[in-house]
Amino acid sequence: METESEPYVRLASLRQLHQVMADMNTARSLADTLQTVADGVVGALGYEMACVNLVRQDGDLVVAAFSGNSAAEALITGRVGSRESWDRRLNMGEQWGDLIFIPHTEGWVLDDDDVPQWFTDGPAPRFEDEWHPSDRLFAPMYTPGVQGGSRGELLGVISVDRPRNGRRPGAWGREALQMYAFQAAIAISNARLRANMQRALVRLEREQQALRASEESFRQAFEYAPSGMAIAEMGGDQHGRILRTNDALCRLLGRPASAMRRYSFSDLVHPEDIGTLLRTSAEGGRAELRLGRRDGTYVWVSLRNSVVADAADGPRFLLTHVEDIEERKRRELQLAHRASHDSLTGLPNSAELRSRLSSRLCQRPSHPGDALESLDAAYGHPAYDVPGGHGFDFAPGPQAYDGFDHHVHTVAPEDGRDDGTKGLAVLFCDLDGFKSINDRFGHNAGDAVLIEVARRLSRGVRDGDTVARLGGDEFVILADGLGKADAQDLAVRLRNEIIQPIRAEGRAVRVGASFGIGWAHCGMTADEVLKSADERMYVEKRSRPKQHRRAG
């Protein structure tokens, strides 16, 4: 995965990784799933090549998918490595969690074994963590074990070669690859299960004798599936009512099978996810939503529906596959939080601040005539002469409603007077005297001051307001629905909070704060709003005597 410097990760890269994981679970066949796994390592995790080695029935591993180099793909795809050689690889080298890293200093002993391999050429490393052409990195994939238990049997191994940034992956990159291998194992297991079930369904439709044999096969696949499964009624007054569940689903929700038959999925789904459930089509539908446990908590699941016919023209039922994705959702939220929040203070970072500010602003015509001309073009007649005899007012009041794009415009109080207009205030805060604390007492003391200032700012604003760290000792507050006097009062209150003594490294220190108040309104960009508030802050800082800045 492309990173600028760990643990900071681009949101675009996180979205790409999330999309690849979703694609793995929606591939049409096992072969497509395997190729999607290999392509995702290259496309989303940032390695130049990736190989998926799948365990065969005889225990040996076959190269089932390859990505990143067409010449290497043609050379080793379909070749087999013995289980003995693979076990040797997976029991040497360095353990990075569930990953196996074999550095070039140890890997030379494997050059002559029967495992198909390909190495890219390149110069010898120049520094300690640079990737060597002969380094090896493996991500074993295990079948899902019982809930809360140990991992299952070895399903296969993802082998990767040469990160695109040329360095051995750091802690975040290792965790991402390990999480990816875990999700890939689930996707491959589910693809195999779906393939087996589809074959069973085809046999069900052919003849009665094959039907009875297939019913037993289906029963075992249903009952002993590692993921939750349910059969529900389709159509009629009882549409969606659960008829049968397997043990995995009962354990997941903490409900006995007898109790499950009293519900439908609409009874169990989180109220906020009802719309998602209803939008899920009956046949081939898939959704990620929350289901209620017996103890009142909710668990994130991936829910997939298939239609099963009891006979050629008989009743039809919904076969629902329920996969526990709580761990993935938790990791996604953690990764997204790291990317959008400051690691020191926990406040939203600069990118998140701009995103929140931009979401409130739209680009409006700079002159009423521009809007009239656009409406003339859209309707073929003057905007002030539309059918019905009503014109359009392009001088809207506070928070004007735009009937065309359903957007409530953000407006600002007029300069020079407080006319009672409520707007989105942007308070730019710069600490006074902070550099001297860093210089005299060290960066640990400076960090303690920043953490405490962030806490005081967060405590001093309303629920729903945003406090963000722009960088260094600069903070920004977004407070909606304030007039000019309200914003000035807020700045005074926050300054008085900040100037109180702060305990840092066993001593009491003080910093001051300068505030600049800007106003956001549609037609401005987020950077223009922040620049306006920044400039007002510097005007305020210069207007105060230097000896009084720290005391506020």
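Looking at E452 and R455, a side-chain N of the basic residue comes within less than 4.0 Å of a carboxylate O on the acidic one, giving a salt bridge. We find that R495 and E540 are joined by a salt bridge, their nearest charged nitrogen and carboxylate oxygen being less than 4.0 Å apart. The residues R356 and E352 are annotated as salt-bridged, a charged nitrogen and a carboxylate oxygen being separated by less than 4.0 angstrom. D534 and K531 are not joined by a salt bridge, as no carboxylate oxygen comes within less than 4.0 angstrom of a charged side-chain nitrogen. A salt bridge links E332 with R328: at least one charged nitrogen is closer than 4.0 Å to a carboxylate oxygen. For the pair R469 and E474, the salt-bridge criterion is not met [side-chain N within less than 4.0 Å of a carboxylate O]. The pair D486-K422 counts as a salt bridge, with a side-chain nitrogen and a carboxylate oxygen less than 4.0 angstrom apart.
Here the CE-CZ distance, from M524 to R360, works out to 14.0 Å after rounding to the nearest 0.5 Å. Distance CG/L482 to CG/D480: 7.5 Å, rounded to 0.5 Å.
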Report the C-alpha separation of R286 and E288 in whole Å, then their side-chain angles, then the decisive distance to 0.1 Å, and conclude whether the salt bridge (charged side-chain N to carboxylate O under 4.0 Å, His left out) test is met. CA-CA 7 Å; R286 181 179 181 274; E288 293 185 355; 3.6 Å; yes
N305 vs T320, test: side chain to side chain donor-acceptor pair (under 3.5 Å). Steps then yes/no. CA-CA 5 Å; N305 288 332; T320 303; 2.8 Å; yes
Test salt bridge (charged side-chain N to carboxylate O under 4.0 Å, His left out) applied to R162 and E48, step by step: CA-CA 6 Å; R162 187 171 177 78; E48 289 187 356; 3.5 Å; yes
Let's go through R168 and E130 carefully: what are the C-alpha distance in whole Å and the side-chain angles of both, what is the deciding distance for salt bridge (charged side-chain N to carboxylate O under 4.0 Å, His left out) to 0.1 Å, and is it a yes or a no? CA-CA 6 Å; R168 295 178 182 176; E130 187 174 7; over 6 Å; no
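When side chains are defined from C-beta on, D161 does not count as touching N69, because their heavy atoms never get closer than 4.5 Å. Contact check for R330 versus W300: no side-chain heavy atoms found under the 4.5 Å cut-off. Between L470 and F475 the shortest side-chain heavy-atom distance does not fall below 4.5 Å.
Side-chain polar atoms of T345 and D342 form a donor-acceptor pair below 3.5 angstrom. When only modelled atom types and interatomic distance are considered, D39 and S67 share a side-chain donor-acceptor pair under 3.5 Å. Side chains of D527 and T525: a donor-acceptor N/O pair is absent below 3.5 angstrom, by distance only.
In terms of heavy-atom proximity, E326 sits nearest to V299 at OE1-CA, 3.4 Å. Nearest approach of F434 to G446, heavy atoms of both residues: CE1-O, 3.3 Å. Nearest heavy atoms, E323 versus N190: OE1-ND2, 3.2 Å. Smallest separation of non-hydrogen atoms from L361 and A520: CD2-CB, 4.0 Å.
Both tests hold for R174 against W96: distance to the six-membered ring centre under 6.0 Å, angle to the ring axis within 45°.
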